[in-house]
Amino acid sequence: MLLTIDIGNTNLTFGVFEGEKLLSTFRLTTNIPRTSNEFGEAIVEGLSRQHVDETTIEDVIIASVVPKVMYSLVSGIKKYFHCTPYVVGEGTKSGIHIAAANPSEIGADRIVDAVGAYDLYGGPVIVIDYGTATTYDLVTGDGVFAARVTCPGIKISTKALWSSAAQLPEIEIKMPDTILAKNTITSMQAGIMYGTVGQTEYIIQKIKEESGISDIKVVATGGLGRIVADATESIDVYDPHLTLQGIRLIYEKTKASQQRGQ
């Protein structure tokens, strides 16, 4: 079986695949410092809770935007799973052409999202990830990563609101019943969530307009993406496991390339 690891600024998300089938997922918090042994033990424990025997893991692949955790994590995987993990990075076989002045600037998370959306749903496609940042990426019909937009994430925007204004409370992130708010909490929820929906619809519209491609599928992912996807017709597909699927697809492309080179 294959263990895929998505290392984001907030969470490490693990996915266990048997072939193309995602069997289970679990998470760890990113900002807790861990030694290699602590990483290894935490992953083994997470697998056990999902009823997965760690000895069945044959390969591991990582996509990371947090370099500081990589040394301990990779060391832990080597110790506990007896394999050297693949790491998504420059030179990785993705099947996507990066049309950028400096392709190395594009994070591994955006590359795997692009691969997942393009391979699973076809192109042209706009892939939106509602994570720590909210990102919008355009992949053309011929597989070119053509453009990207980066915005503050929903949680970042919400935290900035209550931490910067003394009289505003910390709130639950949810869609209120109406935009016609009657109290402080629902007014903040309305501003954050309807503001995000409006941002989503406008950026999608502008990408279509300026790219000259009107018939574009829009695929969303990320923990809070479901709320936004349910509130707008501009998003065609919400796939909560798009990033893990993209990592799996890159693993398969990499293995196929290595086998052809033998």
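For the single chain, residues carry numbers from 1 onward in sequence order. Note that these values count all heavy atoms, side chains included, but never hydrogens, waters or copies made by symmetry.
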Tyr118 side-chain N/O to Gly141 backbone N/O, donor-acceptor pair under 3.5 Å: yes

Aromatic plane relationship, Tyr251 with Tyr86 - under 30° parallel, 30 to 60° tilted, over 60° perpendicular: perpendicular

Heavy-atom donor-acceptor pair, Ser157 side chain to Gly153 backbone, under 3.5 Å: yes

Side chain to side chain contact (heavy atoms under 4.5 Å, CB included), paired with Asp129, selected from Thr134, Thr243, Asp137: Thr243

Shortest non-hydrogen contact from Tyr238 toward Gly223: OH-O, 4.1 Å

Leu180 reachable from Met188 in the ILVMFWY side-chain graph, under 4.5 Å edges: yes

Under 3.5 Å: donor-acceptor pair, side chain of Glu38, backbone of Thr35: yes

Leu28 with Val44, same ILVMFWY side-chain cluster at under 4.5 Å: yes

Gly19 versus Phe17, closest heavy-atom pair with distance: O-CB, 3.7 Å

Derivation and outcome, side-chain contact (heavy atoms from CB on, under 4.5 Å), residues Ile235 and Thr200: CA-CA 9 Å; Ile235 294 173; Thr200 296; 4.2 Å; yes

Cationic N near anionic O, under 4.0 Å, Asp236 to Lys217: no

Residue pair Val228, Ile154: steps toward the side-chain contact (heavy atoms from CB on, under 4.5 Å) verdict: CA-CA 10 Å; Val228 183; Ile154 297 172; 4.1 Å; yes

Carboxylate-amine/guanidinium contact Glu105 Arg148, below 4.0 Å: yes

4.5 Å side-chain heavy-atom contact, Leu120 and Asp239: yes

Validation row: Thr150, Arg110 side chains within 4.5 angstrom (heavy atoms): yes

Residue pair Ile126 / Ile204, side-chain heavy-atom distance below 4.5 Å: yes

Non-hydrogen side-chain atoms of Val115 and Lys253 separated by less than 4.5 Å: yes

Minimum-distance pair of heavy atoms, taken over all atoms of Glu252 and Glu20: OE2-CG, 4.4 Å

Side-chain donor or acceptor of Thr30 paired with backbone N/O of Asn11 under 3.5 Å: yes

Non-hydrogen atoms of Val66 and Gly8 that approach each other most closely: CG2-O, 3.3 Å

Donor + acceptor pair across side chains of Asp53, Thr56 (<3.5 Å): no

Carboxylate-amine/guanidinium contact Asp59 Arg248, below 4.0 Å: no

Within 6.0 angstrom of Ile185 CD1, more than 12 heavy atoms from elsewhere: no

Salt bridge Lys206-Glu209, side-chain N to carboxylate O under 4.0 Å: yes

Any Thr84 side-chain heavy atom under 4.5 Å of Lys78 side chain: yes

Heavy-atom side-chain contact between Ile61 and Ile5 under 4.5 Å: no

Within-4.5 Å side-chain heavy-atom neighbours: Ile128 and Val219: no

Any donor-acceptor N/O pair, Ser187 side chain to Thr184 backbone, under 3.5 Å: yes

For the student: nearest non-hydrogen atoms of Val112 and Ala63, plus distance: CG1-CB, 4.0 Å

Ile62 reachable from Leu22 in the ILVMFWY side-chain graph, under 4.5 Å edges: no

Flag, side chain of Gln189 to backbone of Glu172, donor-acceptor distance under 3.5 Å: yes

Donor-acceptor side-chain pairing of Tyr136 and Gln199 below 3.5 angstrom: yes

Polar side-chain atom of Thr92 near backbone of Ser94 as donor-acceptor pair, under 3.5 Å: no

Side-chain (Gln50) to main-chain (Ser24) donor-acceptor, under 3.5 angstrom: no

Geometric cation-pi criterion, Arg34 with Phe39: 6.0 Å, 45°: yes

Same apolar cluster: Val139 and Val237, side chain cutoff 4.5 Å: yes

Side chains of Asp6 and Leu244 in contact at under 4.5 Å (non-hydrogen atoms): yes

Heavy-atom closest contact (Leu242 atom, Ala117 atom, distance): CD1-N, 3.5 Å

Linked, directly or transitively: Leu224 and Tyr194 (ILVMFWY side chains, under 4.5 Å): yes

